[in-house]
Amino acid sequence: MATETVAKPRSSVRVGVQKFGTFLSGMIMPNIGAFIAWGIITAFFIPAGFTPNADLAKLVGPMITFLLPLLIGYTGGRMVYGVRGGVVGAAATMGVIVGTDIPMFIGAMIMGPLTAWIMKKIESLWENKVKPGFEMLIDNFTAGIVAAVMAIFGMLVIGPVVKAFSNGASGVVEFLVNNGLLPFTSIFIEPAKVLFLNNAVNHGILTPLGTEQALAQGKSILFLLEANPGPGVGILLAYMIFGKGMAKASAPGAALIQFVGGIHEIYFPFVLMKPIIILAAIGGGMTGIFTLVLTGAGLRSPAAPGSIIAVFAATPADSFLGVALSVLLAATVSFLIASVILKSSKDVEGDELGAATTRMEALKGKKSSVSSTLAGSGAGGVAVLAGPVKNIVFACDAGMGSSAMGASVLRNKIKAAGYPDVKVTNSAIANLSDSYDVVITHQDLTERARPATSSAVHVSVDNFMNSPKYDEIVELVKSSNAPADASDASGAVAGGAGAGAGAGTAVAAETAAEPEAGAGPSGILVADSVVLSGTATTRDAAIDEAGRLLLDRGAVDAGYLDAMHEREESVSTYMGSHLAIPHGTNAAKDHIMKSAVSVVRYPNGIDWNGKEVKFVVGVAGINNEHLQILSSIAKVFTNKAQVAQLEAATTVDEVLDLFGRVNS
């Protein structure tokens, strides 16, 4: 069992800025490759490039004017409302692009998420109220109308406002440069990095302004104000020589990760351990910026991550010397200041670095992906919750069956515990994002879910229906969501082989919506799809029997039956309580014509990978249409009395009635 450290809920301006910065970063970082591609083309083919080529240089303008803002707008929209949000976000971004004559990155960061959010709110007005068969018509026209209106709004209103802001910010930067004041920005930038506030400044202002400047001048100093690895590596070098204990032992590995890997957060605990060390970072940062101003050096595109490799890859030919001196002198000054501080400081016993790492994660608001490098094995396998549990996701391969059932079971438990605001959803693993507090997967799928959800607490279960882990998750919710003035909160989640640190809104098509009171199967489960006495005697034959019922209804084609077997071979669909719910893989959704569920009862039971199964529920789902009946089935199979009624049922109507009235 792994103990999860749960910090008390926090609410402050700093936390708000962190979240805002993380959101901005989420729009820029996935598209850094496109920025680099533009930088490479610019470096080689413009008239002042390495290999001038007038034809290939024609790519430069359209890429920065259209491609990059559209990618940002799409990414921002998708973060808010999935793929459909991305599409309308990109369409609306065209408005600010056409309405101005400068690269519209800031406009894209506004229009993308704003348009997706508006469409999400509009569609919520008629969610689950549209008659079957009209969903696509209404969805497409809603998206088209919202995108068109917002594109016009962006062109006429947002574009001019953003251009005015950009011109003003450019004027401020020019004033700082002309008056020799730019190095003083390190007084704000370096502490902001340690407090994880830099994303709002870096991706919200510096990257857009730097890209505009690079378009006009071929390079920009702004790209290196925050990304210079010199100040950080200087601090780590000082710890390597003058540090003590764990800090000295960890510094060499941290320096390699920071300088070559570009993960700057690795040195933040070394600053938090002795906060006065921030003076070394500020001194190094100021020196680096002053060197860039003096030599007229800069980068042609963002250096992300802030690795020395990425920095030199983005350096134009006339700036290599200036950039190299900037990094070297920044590291030297930072090293000298940190060395003096460390030599004059009193030795302190205990695991200062471990405590500082914990403080860093509390500041960051989630588990650090590199903290185990600093804290040793003790940090591995332990996730840190820096606030209340708000989002829990069940993830499976397809996101339509096992995870939907598990989400329904846990949702009811958490509501019964008095926490109805905790969102419990389900998703396909392919659609996960690093925005969940707790991720629950079958034990065979946990490692697949970790990379996309590294900040979450991961819980592995061997069945989704009645796992004892659910009670432990409820306790985690109780402890982490306790009032801020309550006693120190801590909870435990049994991780088994798959628990530990690796995380958002799931795509609407994957979300298990809570059924309305009194709702019934609504045509998803019909009498012809219920068999009271199945003829199969093996697992594979039972899958075929349940699948053929779906096929006979015209809900799926023959390819879906093959996908049901493929899914079973990868991860068992046994749910517990003598129930299995075979369904296709995520890739097989094209084989589904309409949502349907089949139920086959095996009174004598069949062997299902060593488990006895008496009920096989075949599942084929489009969007969330089938999840209502799955929720009903889940409630039945967590109630022993109702399972007994199913086993004793003599007519199909009894089965349909039980599933239909369970929510009433």
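Values reported hereafter were calculated over all heavy atoms of this structure, with side chains retained and with hydrogens, waters and symmetry mates removed. Being a predicted model, the structure only gives us computed values, none of them experimental.
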I'd like to know if the side chain of Ser307 reaches the main chain of Val260, judged simply by a donor and an acceptor atom lying under 3.5 Å from each other, with no hydrogens or angles considered. yes
Considering all heavy atoms of both residues, which atom of Pro113 and which atom of Ala108 are nearest to each other, and what is their separation? CD-O, 3.9 Å
How long is the straight-line distance from CH2 of Trp38 back to CG of Leu68, given to the nearest 0.5 Å? 8.0 Å
Val457 versus Val389: any side-chain heavy-atom pair under 4.5 Å? no
Summary of salt bridge (Lys or Arg N to Asp or Glu O under 4.0 Å) pairs that have at least one residue in residues 304-327, sequence neighbours excluded: Lys219-Asp318
Hey, is the main chain of Gly288 close enough, under 3.5 Å, to the side chain of Ser326 for a donor-acceptor pair? yes
Heavy-atom side-chain contact between Ile106 and Phe165 under 4.5 Å: yes
Write out all pairs satisfying side chain to side chain donor-acceptor pair (under 3.5 Å) with one or both partners inside residues 285-303, taking only residues at least two apart or from two chains. none
Can you tell me if Asp437 uses its side chain to pair, donor with acceptor, with the backbone of Ile392 under 3.5 Å? no
Shortest non-hydrogen contact from Pro69 to Ile64? CD-O, 3.3 Å
Enumerate the residue pairs fulfilling ring-ring contact (aromatic ring centres under 6.0 Å, His included) with a member in residues 235-263, sequence neighbours excluded, ordered by first and then second residue. Tyr239-Phe270
How long is the straight-line distance from CD of Gln258 back to CG of Leu236, given to the nearest 0.5 Å? 6.0 Å
Let me confirm one number: the CD1-CD1 distance from Ile341 to Ile337, rounded to the nearest 0.5 Å. 7.0 Å
Which residues satisfy the side chain to side chain donor-acceptor pair (under 3.5 Å) test with Ser186, sequence neighbours excluded? none
Got a second to check how far Leu182's CG is from Met286's CE, nearest 0.5 Å? 10.5 Å
Report the residues that fulfil side chain to side chain donor-acceptor pair (under 3.5 Å) with Thr75, sequence neighbours left out, ordered by chain and then residue number. Asn31
To the nearest 0.5 angstrom, please state how far the CG atom of Leu176 sits from the CG atom of Asn179. 8.0 Å
Donor-acceptor contact below 3.5 Å, side chain Glu190 vs main chain Ile278: no
Closest approach of Ser334 and Pro231, non-hydrogen atoms and distance? OG-O, 2.7 Å
Beyond-backbone contact of Leu70 with Ile97, side-chain heavy atoms, under 4.5 angstrom: yes
Determine whether Phe105 and Ile72 make a side-chain contact, defined as any pair of heavy atoms from C-beta on separated by less than 4.5 Å. yes
Can you check whether Phe44's main-chain N or O pairs, donor with acceptor, with Thr51's side chain at less than 3.5 Å? yes
On a heavy-atom basis, the closest approach of Gly210 and Phe223 is C-CZ, 3.3 Å
As an exercise, state the distance from CG of Leu56 to CD1 of Ile41, rounded to the nearest 0.5 Å. 8.0 Å
Min side-chain heavy-atom separation Val162-Val96 under 4.5 Å: no
Could you list the residues that satisfy ring-ring contact (aromatic ring centres under 6.0 Å, His included) with Phe184, not counting sequence neighbours? none
Taking C-beta and beyond as the side chain, do Val327 and Pro229 meet within less than 4.5 Å on heavy atoms? yes
Which pair of heavy atoms, one from Ala303 and one from Leu299, lies closest together, and at what distance? CB-CD1, 3.9 Å
Do Thr115 and Val80 have side-chain heavy atoms sitting under 4.5 Å apart? no
Would a distance-only check, ignoring hydrogens and angles, find a side-chain to backbone donor-acceptor pair under 3.5 Å from Ser344 to Val340? yes
Leu181 to Phe175 - nearest heavy-atom pair and separation: CD1-CE2, 3.9 Å
Within a 6.0 Å radius of atom CD1 on Ile187, are there more than 12 heavy atoms belonging to other residues, nucleotides or ligands? yes
Taking C-beta and beyond as the side chain, do Ile241 and Leu237 meet within less than 4.5 Å on heavy atoms? no
